[in-house]
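Quick caveat: nothing in here was measured; it's all calculated off a predicted structure.
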Amino acid sequence: MKSVFSLILAIFIVAGSTAWFKATAQERDVGPKCTQWNSYRVLFKKGEGKISDETANSLAAFLKDSGRNCGYRLYATASKEGNYTKADNIAGRRLDSTKDFLKAQGVKPEMVLALSHWVDDSAADTKQARSAILYTLPKQGISCRQYEKRSPMQVPLFFDSQSFVISRRVKSDLEKFAASIKDTHCNVELTAMAAKEFKGANTAKTNKDLAKQRVKAIMDILTAAGIDSDRLVDTHVDYVGDKKPNTAKNRLATASLM
């Protein structure tokens with residue numbers, strides 16, 4: 001009798017577990033293209049910011065394979081399409097129309113990070129330079145503060161002039177920050193600045209490269225602490241030396257909860 005009861009109980013447990021896992025999977029719509037890094041390029045006709053019907057169908061198919069609960073990072077570009085101001089406006093419209101399309105397909109706004117648009121006037125005037133670029137961000141959403149209602153968190157990092165070395169104390173702060181979000185859906189926004197720390201030829205490029213090295217140093221610590229690299233979003237890496245002096249606040253980098 002006990003054996004029969006145990007068998008029936010086990011069947012109920014297995015059935016219940018299967019139903020729970022199916023329900024959980026249905027609640028979170030994440031497709032096969034969201035299990036790894038993927039991208040899709042939305043091509044536009046010259047001078048236009050509206051998505052064509054043909055492109056809309058293929059983009060919808062990509063989103064279906066990625067899922068409404070996948071995270072998305074979005075950029076847009078324009079080529080030499082009129083003067084710079086006109087081309088910049090066109091690139092902005094491409095960014096907005098792609099973002100609106102995602103929303104119309106059921107993707108939640110907090111899952112879309114529309115980062116930036118720009119004029120690629122150094123590139124050939126081709127469809128590749130007249131596009132929006134969509135990247136999937138596997139395993140997590142975009143805005144943890146909005147999606148999971150978490151409080152703001154930020155780690156400030158001040159660098160010595162001409163250096164991208166992170167101090168032991170700040171490294172410890174970054175590791176604590178990483179530990180607090182390791183098992184969440186949170187992304188991390190990274191920023192870095194460089195002042196006029198190196199002088200000579202190509203001053204702007206040399207110092208902007210220094211700012212990029214500062215971001216990479218932060219990324220290396222966070223990934224070593226268990227944060228996947230696709231959760232790290234560098235939104236603002238810049239050289240400010242032409243406008244601001246070489247002081248600590250102008251050599252600042254930050255790691256912030258999104």
Should [X] and [Y] count as side-chain neighbours, where that means a heavy-atom distance under 4.5 Å?
X      : Y      : answer
Leu43  : Ser131 : yes
Val215 : Phe164 : no
Ile133 : Thr77  : yes

Nearest 0.5 Å, please: how far is [atom2] in [Y] from [atom1] in [X]?
X      : Y      : atom1 : atom2 : answer
Lys50  : Asp100 : NZ    : CG    : 12.5 Å
Ser229 : Asp220 : OG    : CG    : 10.5 Å
Asn202 : Asn207 : CG    : CG    : 10.5 Å
Lys171 : Leu222 : NZ    : CG    : 10.5 Å
Asn246 : Phe198 : CG    : CZ    : 10.0 Å

(request) If you link ILVMFWY side chains whenever their heavy atoms are less than 4.5 Å apart, which other residues fall into the same cluster as Val240? By chain and number, please. (result) Phe158, Met193, Leu252
(message) Could you list the cluster mates of Val119? Members are the ILVMFWY residues connected by side-chain heavy atoms closer than 4.5 Å, either directly or through other members.
(response) Tyr84
(message) Can you confirm whether Asn57 is buried at CG, in the sense that more than 12 heavy atoms of other residues, nucleotides or ligands lie under 6.0 Å from that atom?
(response) yes
(message) Would you say Thr203 and Tyr239 are linked by a side-chain donor-acceptor pair, where the criterion is simply a distance under 3.5 Å?
(response) no
(request) Check Glu48 against Ile90 and note the closest heavy-atom contact, atom names and distance. (result) O-CG2, 3.8 Å
(request) Could you pull out the closest heavy-atom pair between Gln162 and Leu210, with the gap in Å? (result) CA-CD2, 4.0 Å
(request) Would you mind checking if Glu197 and Arg214 are paired as a salt bridge, meaning a charged N to carboxylate O distance below 4.0 Å? (result) yes
(message) Tell me whether Ser97 contacts the main-chain N or O of Gly49 through its side chain, where contact means a donor paired with an acceptor under 3.5 Å.
(response) yes
